[in-house]
Amino acid sequence: MNPITQRRLYQFKANKRGFYSFFVFLVIFFITLFAEFIANDKPLFVSFKGTTYFPVFKDYPETTFGGTFETATNYRDPFVKNLINSNGFIIWAPIPFGINTVNYEMNSPAPSPPSWSNLLGTDDQGRDVLTRLLYGFRISILFGLALTIGASTIGIFAGAVQGYFGGRVDLFMQRFIEIWSNLPVLYLLIILSSMIEPNFWWLLMIMLIFSWMTLVGVVRAEFFRTRTLDYVRAAEALGVPSRRIIWRHMLPNAMVAVITYLPFILNGSIATLTSLDFLGFGLPPGSASLGELITQAKNNIQAPWLGLAAFFSISVLLSLLIFIGEAVRDAFDARKIKVE
C-alpha cells in the first residue's frame, strides 16, 4: 500500500463519526440484503413426513402437505399449520410477516400500536411496519446506489470529453447541459406516470436521464487543469491516443474530487426516491418504501408511531451518509496532517 493511500485511510479513520457511521451503514445494508430471511410470511424450513422443504425459495401447493387446493400454500392458515405440525415442524423467520401480509390477530383496529407481535405497530392496512421498513431500506439503498453509479459514469464521461477537447465540443455540450438541466423534471414525471405504470427500472431510467449532470462540472474543471500539465503534453507529443490519455493519465486525478462527492450524491438519490414515493409518482402502489411510510404517517396522525418510525429511519439513513461523506472529504483533503 503506497504512502498516499495509507495517509488517506488514516485520515478517514481519524474522523470517528464518519468511520463508525460507515460500519453502521454497512451493517444495515447487509441486514436488508437478507430481508427475506428476517421478515417473511413463508417459513424458512418445513419438515413434513421426513421430507424437507424450503418455502422461502420455492412455492409448494397445499396438496404437498395433505391439503385440498393445488394453489400455493398459505402457511399462516391454522388448518395448514395443524397438518404440518402433526407430521413435522415449521421454522419461521424472526418476523413472520411479509411486505403485504395483513395481521388479522391484532388487538385493536388498524393502524394498531406497537406490540410484541408488531414491534413498530401496523399501518392502516394491518401490515407490519418493521417489515415494510426493512424492505424499504433495501430498495432505497439499492436504488440510490444504482442511480449514483449510473449518473456518475455518464457525468464523468461527459465532463472528461468537455475538459479534454475543449473548444467547440465544450461550448456545444455546455449549452446542451444548461438547457437540459432547466427542464421541469417533476412535471415530466407526472406526465409519464399517467402514461406508464412506474416500476423500479422505469423510475431509475427516468431519473438517470436527468441526474447525470451533477459531476460534469467537477470533472470538466479537473480535466481543464490537468490537460496543460507537462506529462499530458508529452503524451500527446508522443502520439498516445486520446482515449488512453484520458483513461490512464487524466481520469485518476479527477477521481479524487469525484469520490468525495459520491456519498452526497447517494444521499440525494435516496431523498429523491423518498420524495417521489411520498408524492405518489415513485414506485408502484403497495411497494415498501420510506416515502410510502411518510404518506402513512401523514394520513394517520392519530398513530404517532408511524411518524416516529418514518422520521427516525430516514434521519438515521441520511445522517449516516452525510457523516461518511464528511469523512471521505477529509481523507482526500491534502491539507490534513500526514501519517508520522
Could you tell me whether [X] atom [atom1] has more than 12 heavy atoms of other residues or ligands within 6.0 Å of it?
X: Tyr261; atom1: OH; answer: no
X: Phe200; atom1: CZ; answer: yes
X: Phe264; atom1: CZ; answer: yes
X: Glu105; atom1: CD; answer: no
X: Tyr135; atom1: OH; answer: yes
X: Phe69; atom1: CZ; answer: no
X: Arg175; atom1: CZ; answer: yes

Check the orientation of [X] and [Y]. Use parallel for under 30°, tilted for 30 to 60°, and perpendicular for over 60°.
X: Trp212; Y: Phe176; answer: parallel
X: Phe37; Y: Phe34; answer: tilted
X: Phe45; Y: Phe89; answer: tilted

Report task. Using modelled atom types only, decide if a donor and an acceptor are shared between the side chain of Ser319 and the backbone of Val316 within a distance under 3.5 Å. Result ->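 The answer is no, because no donor-acceptor pair under 3.5 Å joins these two groups.
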Requested in this report: Please name all residues satisfying side chain to side chain donor-acceptor pair (under 3.5 Å) with Asp59, sequence neighbours left out, ordered by chain then number.
Outcome: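 Side chain to side chain donor-acceptor pair (under 3.5 Å) check on Asp59 returns Lys42.
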Report task. Any chance you could measure Asp123, atom CG, to Asn118, atom CG, to the nearest 0.5 Å? Result ->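 If I round to the nearest 0.5 Å, the distance is 9.5 Å.
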Query raised in the report: So, are Glu36 and Arg138 salt-bridged, with charged N and O less than 4.0 Å apart?
Result: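 Looking at Arg138 together with Glu36, the answer is yes, because their closest N to O distance falls below 4.0 Å.
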Query raised in the report: Any Lys/Arg nitrogen of Asp170 or Arg220 sitting under 4.0 Å from an Asp/Glu carboxylate oxygen of the other?
Result: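 Salt bridge between Asp170 and Arg220, a charged N being under 4.0 Å from a carboxylate O: yes.
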